[in-house]
Structures are given as structure tokens and as C-alpha cells.
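Working notes for the structure below.
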Protein chains: 2
Amino acid sequence: MDDGATATARGRDTYRHGGLREALVEAGVELAREGGPAAVVLRETTRRAGVSPNAAYRHFADRDALLHAVSDTCLGFAADRIEAEFDAHPSTGDDVADARMMLRAVGLGYIGFAREEPGLFRTAFSVPDNLQRAADPSKAGRRGRTPFQLVGIALDALLEAGVLPPDRRPNAEFLAWATVHGLGMLVIDGPLRGLDDRMIAFATERLLDMVDRGL
Amino acid sequence: MDDGATATARGRDTYRHGGLREALVEAGVELAREGGPAAVVLRETTRRAGVSPNAAYRHFADRDALLHAVSDTCLGFAADRIEAEFDAHPSTGDDVADARMMLRAVGLGYIGFAREEPGLFRTAFSVPDNLQRAADPSKAGRRGRTPFQLVGIALDALLEAGVLPPDRRPNAEFLAWATVHGLGMLVIDGPLRGLDDRMIAFATERLLDMVDRGL
DNA sequence: TTCCCTTGTGGACAGCGTACACATCACGCA
DNA sequence: TGCGTGATGTGTACGCTGTCCACAAGGGAA
């Protein structure tokens, strides 16, 4: 089983690690889960991977590059959480209701991720990004789609179902995303911190109503 | 003029600084302006205030307490920017139009601040907060009102003008705030980074339309 | 088999936050 | 007026961090 080329973090028998990059990202994700982006510290990451600090420099230019990789992975987790919300609301046959529910599911998954994994959520969005990279495969979840793409898919469904007027479709991602992203931030770090589940669920529902009405 | 009790940063003639706390916050704000919250580094802050690193501990429990104070000041600047947007759109006499414009002005000021002072914007929201402290005077601008309170004032105007149904008024702050805050984040750090002014102005307008329609 | 290039190690350095002991002085009380 | 005392600033030190450099190990290609 353990052929040295697939050595796990603890107990490597060869000189080479055989997957250090992945191990470092994994350790970084664990640190991010516990303490957010600031906790993704190069030395501790390498320590957890059972390797000397400098080994990281064979795979990442610097600490920031490591954090980027961790952040991308976190975005993938966010995508997974949203896809899970899709699965929780299967098709009903009514195209309009389905499309509406799909956009809602994006919002619910997004906020759910922020609440369940605040450290990963913060890390996912702690790193500057731009539109060109928003669909980069390294940010995708298990089904190969990034959170940004999932918003787009939901909006396309609304368009095809005739709910969203065609002239409103372009760039609608920004509006939908900004809205749920803002709520996510407010819930974990902002003034909405510490509100109980019911209050937050209520705020989420009203926010999603607003998007539905106003998009 | 320089009586030792109001010593400015450079060239203190007494043993006591005579306003070190303020000087530290000021230096911290400058650092935040240049490099965001991460740049607010205790040692460099004290250096700029012309004082030894440990002197800061007479006024702040630790670096985090200093960052909090800087962050509060930044929130005050955000409030100032929003108030400036109020001033730029004086009353027309039409209560409905005025109230609508007021909420728009909050959004415009918010996004304006994010774009003009990204470092201060990031710093303002880099620190965990909660609802109880959202109206704390230390976060207020020159006119004594915090950004959170300004959103509330705009919504109250919408209520009184009959635009916002009374049953939708409670907690509407969260919706309005989350929306513009999300756009702000996306614009400075997120996928909307690097878009030109026209694109961002367009996105802002559409976002505010959405709030107006959907609140 | 030999060589080389990739990967990991060890040591060093500057900068950071911060604890502890000490210096300095403004002010209130005798 | 002089003195003590508490608030404020200094100096030194420690462990942590990111990162540079020279070196070691060893798998794969020639």
C-alpha cells in the first residue's frame, strides 16, 4: 500500500516526500479551518507535513503562493457546498419554480458554507482575485464548477425559464454574488455575528426574496 | 504653539509624548491606507510616532487592540464619505425622490469609499464586529453617525415617504448593507477588481436599482 | 555506471509581537 | 517647598515568523 511514492503526511520512508505539494495544501486548509487565512503559516504548515520549512519553496514561490493555493481549494469546497444544496432541492418539473429554487440554493449554500466553515470561507475570499481567474479549474469543486460558474448556471436557468428578462441577464452574476457575499461577510465577521440560527435564516430568506424580486 | 502637551509626531521636547494614543492611531491609519490591515504593524506604527515599540502597550493591550482602534477610525471615514454623498444630492422637495436618493447616496458613498481608499475600507471591515457595537461613537464620522446608522436613517426616510411598507422596515439595514458591502468587497478584492470606472458605476447603478425594487 | 537536476535539509538573518525590569517625570500631598 | 508615587516611555531579551544561501540525497536519463 505504502510504496513511498504516495507517502502520507506522517512517516515517510523515502528521501522524497512523494506528494508534498498536496500535503502542504491539505495542512494549510486545516490551519485555515481553525484560524482563517492568518493561521496559514508556512512554518507550521511544513511542520504538519513533516518536512523542513524550506521544502515548501520547492513547490511555492513564497507564503503568499501557498495561501493562494489553499484559498483556491477553499473556493472548491464552497462550490461543493452549493452543489450539495442543489441536490437537496431536486427538480419538481416546474421550470420556473426549479430555476428560482436553483438561485436560492446558491444563496443558501453560500451562507451555509460561511456559517459552517467560517475559517475556510474567510480564506477563500482573503486573496485578491479577478474576473479572468474566477472560472479557473483550480477553484472548482468536485464536479468541476466554481462558485462563480454556479451562480451563472442558476441565472441561465432563470433566463431560459423566462423569469429573467434577456436584457437583464448580462452581468447579473455580479448582483447576485455581491448580495450573498455581503451577507456572508456580515454574518461571520460583521454586525450580524452572533445572531442565532433563526435570525440568520430569516435574514437570508428576505435577502433572497429581494434578489428574486429585484434582479 | 508647541507646549509639549500637544506635541506632533516628529520632534517631541518633553519626556511625555502628550497624545501618543492619537498619534499611534493616526500612524496606523496611514499604514492601513498604504497596505490594508496587514500593514498596521505595531513596531512600524511606533516608529512613525517617534517612540519605542513598547510605549504602545501603555495605550493598547496588544497589536490587535491598536488595529481595532484604527479600524474604528476607518469606519468613521466611511461615514464621512457617505455624508459627503448626502451633501452632493441636496433635497429636491419631493419626499419620495429624496428618500430614494438618500439610500442611493449611501450605496454610492460606500462604493466610492471602497474605490478611493481600498486600504482603509479593508481595514474598516477586517475586524470582527457585532450588532451591539455597530453604533458605537468611536466608529462615527465627524457628524457623529456611524455607517450603520446612516443606512438606518435612509431607510427611515423611505418608510416615512411611504415607499417602504412598514412590515418591511425591521432589519432592512441588513439587506441594504449586505448588498453594498458585497459589491464593495467584490470591487476591491473580488472578481470585479480591475474593471474600469464605467463598468463599476454601471454595476453599482444596477445593484442599487435591485435594492430599490426588491427591498 | 555516471552525471545531473529535482527535491529536501541546516544554518542564518532580519523583522515581528510582547514580557520584564528599569528610567523619567508630572502631579498631589505633606 | 520638597517628596513620593503612579503614569508613561526605554532597553533588553525571547520565541516566532518568512526567506536567503550553501549543501545533501538520490531517482532517472545517458
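Labels below follow one simple rule: chain letters A, B, ... track the order of the sequence lines, proteins then strands, and each chain is numbered from 1. All figures in this text were calculated on a predicted structure; none of them were measured in a lab.
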Donor/acceptor link under 3.5 angstrom from B:Arg16 side chain onto base of D:dA7: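 A donor-acceptor contact between them is present.
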Check: A:Arg58 side chain, C:dG8 base, donor-acceptor under 3.5 Å: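 Yes, the side chain and the base share a sub-3.5 Å donor-acceptor pair.
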Between [options], spot the one nearest the side chain of [X], thanks.
{"X": "B:Tyr57", "options": "D:dT8, D:dT19, C:dG17", "answer": "C:dG17"}
{"X": "A:Val41", "options": "C:dT18, D:dG18, C:dG8", "answer": "D:dG18"}
{"X": "B:Arg63", "options": "D:dT8, C:dT18, C:dG8", "answer": "C:dT18"}
{"X": "A:Val51", "options": "D:dT19, C:dT9, C:dT18", "answer": "C:dT9"}

Grab the [atom1]-[atom2] distance between [X] and [N] for me, whole Å please.
{"X": "B:Leu24", "N": "C:dT18", "atom1": "CG", "atom2": "P", "answer": "14 Å"}
{"X": "A:His68", "N": "D:dG18", "atom1": "NE2", "atom2": "P", "answer": "16 Å"}
{"X": "B:Leu42", "N": "D:dG9", "atom1": "CG", "atom2": "P", "answer": "13 Å"}
{"X": "A:Leu67", "N": "D:dG18", "atom1": "CG", "atom2": "C1'", "answer": "13 Å"}
{"X": "A:Asp62", "N": "D:dT17", "atom1": "CG", "atom2": "P", "answer": "17 Å"}
{"X": "B:Leu66", "N": "C:dT18", "atom1": "CG", "atom2": "C1'", "answer": "14 Å"}
{"X": "A:Asn54", "N": "C:dC13", "atom1": "CG", "atom2": "P", "answer": "15 Å"}
{"X": "A:Arg21", "N": "C:dG8", "atom1": "CZ", "atom2": "P", "answer": "13 Å"}

D:dG9 phosphate, OP1 or OP2, under 4.0 Å from B:His59 side-chain N/O: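 Indeed, a polar side-chain atom of B:His59 lies that close.
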Distance below 4.0 Å between B:Arg47 side-chain N/O and C:dC16 OP1 or OP2: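 True: B:Arg47 side-chain N/O within range (under 4.0 Å) of C:dC16 OP1/OP2.
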Distance flag, aromatic centroids of B:Tyr110 and B:Phe125, threshold under 6.0 Å: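 Distance test on ring centres: under 6.0 Å, yes.
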What I want to find out is whether [X] reaches [Y] closely enough, with some N-O distance under 4.0 Å, to be called a salt bridge.
{"X": "A:Arg48", "Y": "A:Glu26", "answer": "no"}
{"X": "B:Glu117", "Y": "B:Arg33", "answer": "yes"}
{"X": "A:Asp80", "Y": "A:Arg145", "answer": "no"}

Given DNA chain C, 5'-ward residue of the pair A:Arg43 and A:Ala55, judged by closest heavy atom: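 Counting from the 5' end, the first nearest nucleotide belongs to A:Ala55.
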Distance-only side-chain donor-acceptor flag, A:Asp136 / A:Ser138, under 3.5 Å: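 Their side chains do contain a donor-acceptor pair, which is all the 3.5 Å distance test asks for.
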